[in-house]
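So the structure is just underneath, and the comments pick up after that.
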Number of protein chains: 2
Amino acid sequence: MTKMHKENILSKNQQIIFNLINKSSEPLKAYTILFNVQKKGIKAPPQVYRALDKLVEIGKIHKIESKNAFVACKNSNCEISKATVFSICENCEIIDEVSDVKLSKYLSKFNDKNGMKFKRFNLEFFGLCKKCK
Amino acid sequence: MTKMHKENILSKNQQIIFNLINKSSEPLKAYTILFNVQKKGIKAPPQVYRALDKLVEIGKIHKIESKNAFVACKNSNCEISKATVFSICENCEIIDEVSDVKLSKYLSKFNDKNGMKFKRFNLEFFGLCKKCK
DNA sequence: CTCTAAAACGTTATATTATTACATACTGTT
DNA sequence: AACAGTATGTAATAATATAACGTTTTAGAG
Ligand SMILES: [Zn+2]
Ligand SMILES: [Zn+2]
Ligand SMILES: [Zn+2]
Ligand SMILES: [Zn+2]
């Protein structure tokens, strides 16, 4: 018996916005998204932000905090949606989701000196990509 | 002969804003800073943002990206100002700069599969602090 | 000291990112 | 049908950040 996954059925707005982000080759900002979905009837910021919040919550997308931009999760059925690692080129701003099991495990196990146990982390690496080097 | 350090002499606005952040027990947002330094003659956002940019650049403060807030660096003469790690309580929002040499070294050495070499990173851990647990 | 270039400053306006508030509609369950 | 929970639509506004421009101060070179 294979393990069952509860389907995450997206609502109309969530689906529209996820599709846009998912097919984009670069992170999208909220107002870029808004502009691009107005023809589909999504006219106001709260509609976009609500969908984004939900999509982040269920791990379909991630927010690149240093850019205020959103990317689709590339780890399908992502088990590390609350443990994200990105590489960001400081020149061309290309962004990749790093999926390195060792690194993720290392960070997931990390405890600080105050005995604080972490549930979630976000790591953003900056450098120059192959092209820009 | 002790190693010489180039003094980072702060300008007037930089010093005012650094003092405020440095004595604060919590991360400060730009407009909170603005409000608090108006009596000292700093009246407009660009003055605050310029000082913040510079202070970040020289490593005296760090930006907590997920909060759009700024904290003073607690690692005096911080050698890892471009390699920051924070722990953030999701409940009370208390923030600490984690200084764990092993972790910093591990991350500084990390190379991704694309052969991208990183110059800088920012890691934010989220969880519940002792009090809030 | 004088000249110069870079850095810092002051100010106004504006751009960008995100939320509040409230009314309405849809979804699945009892 | 009644209910609770989720999602939607809309207007207004809050919060965060930058552009643009002219002036002043600072730090070094000659
Ligand atoms: Zn992911
Ligand atoms: Zn690049
Ligand atoms: Zn530091
Ligand atoms: Zn706490």
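Each chain gets a letter, A, B and so on, in the order its sequence line appears, and its residues count up from 1.
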Residue whose nearest DNA chain C nucleotide is more 5′ - A:Asp53 or B:Gly41: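 The 5'-side residue here is B:Gly41.
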Within the pair [X] and [N], is there a side-chain N or O less than 4.0 Å away from OP1 or OP2?
X: B:Lys54; N: C:dA8; result: yes
X: A:Gln47; N: D:dT8; result: no
X: B:Ser11; N: C:dA7; result: no
X: B:Lys29; N: D:dA15; result: no
X: B:Lys43; N: C:dT11; result: yes

Salt bridge (Lys or Arg N to Asp or Glu O under 4.0 Å) partners for A:Lys29, two or more places apart: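 Checked A:Lys29 against salt bridge (Lys or Arg N to Asp or Glu O under 4.0 Å); zero matches.
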Over how many whole Å does the gap from [X] atom [atom1] to [N] atom [atom2] extend?
X: A:Arg50; N: C:dA23; atom1: CZ; atom2: C1'; result: 11 Å
X: B:Asn68; N: D:dA17; atom1: CG; atom2: C1'; result: 9 Å
X: A:Ile17; N: D:dA7; atom1: CD1; atom2: P; result: 13 Å
X: B:Asn13; N: C:dG10; atom1: CG; atom2: C1'; result: 9 Å
X: B:Gln14; N: D:dT26; atom1: CD; atom2: C1'; result: 12 Å
X: B:Leu52; N: C:dA7; atom1: CG; atom2: C1'; result: 17 Å
X: A:Tyr49; N: D:dT13; atom1: OH; atom2: P; result: 18 Å
X: B:Ile9; N: D:dT26; atom1: CD1; atom2: P; result: 12 Å

Distance-only donor-acceptor test, B:Tyr31 side-chain atoms vs D:dA17 base atoms, 3.5 Å: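 Between D:dA17 and B:Tyr31, which were checked side chain against base, a qualifying N/O pair under 3.5 Å is present.
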Derivation of the side-chain contact (heavy atoms from CB on, under 4.5 Å) call for B:Lys119 and A:Glu90: CA-CA 10 Å; B:Lys119 292 177 184 155; A:Glu90 285 179 311; 4.0 Å; yes
Parallel, tilted or perpendicular: rings of B:Phe121 and A:Phe125 (30°, 60°):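 Taking B:Phe121 first and then A:Phe125, their aromatic rings stand perpendicular (interplane angle over 60°).
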Nucleotide nearest B:Pro46 when distance is taken to its side chain, options D:dG9, D:dT10, D:dT18: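 Between D:dG9, D:dT10, D:dT18, the one nearest the side chain of B:Pro46 would be D:dT18.
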Any side-chain donor near an acceptor of the partner, A:Ser66 and A:Glu124, under 3.5 Å: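 Yes.
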Sugar-phosphate, base or nothing in reach of B:Lys67, heavy atoms under 4.0 Å: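 Nothing: the residue B:Lys67, judged by heavy atoms under 4.0 Å, touches no strand.
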Side chains of B:Asp96 and A:Asp112 in contact at under 4.5 Å (non-hydrogen atoms):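 In short, these two side chains do not touch, never coming nearer than 4.5 Å.
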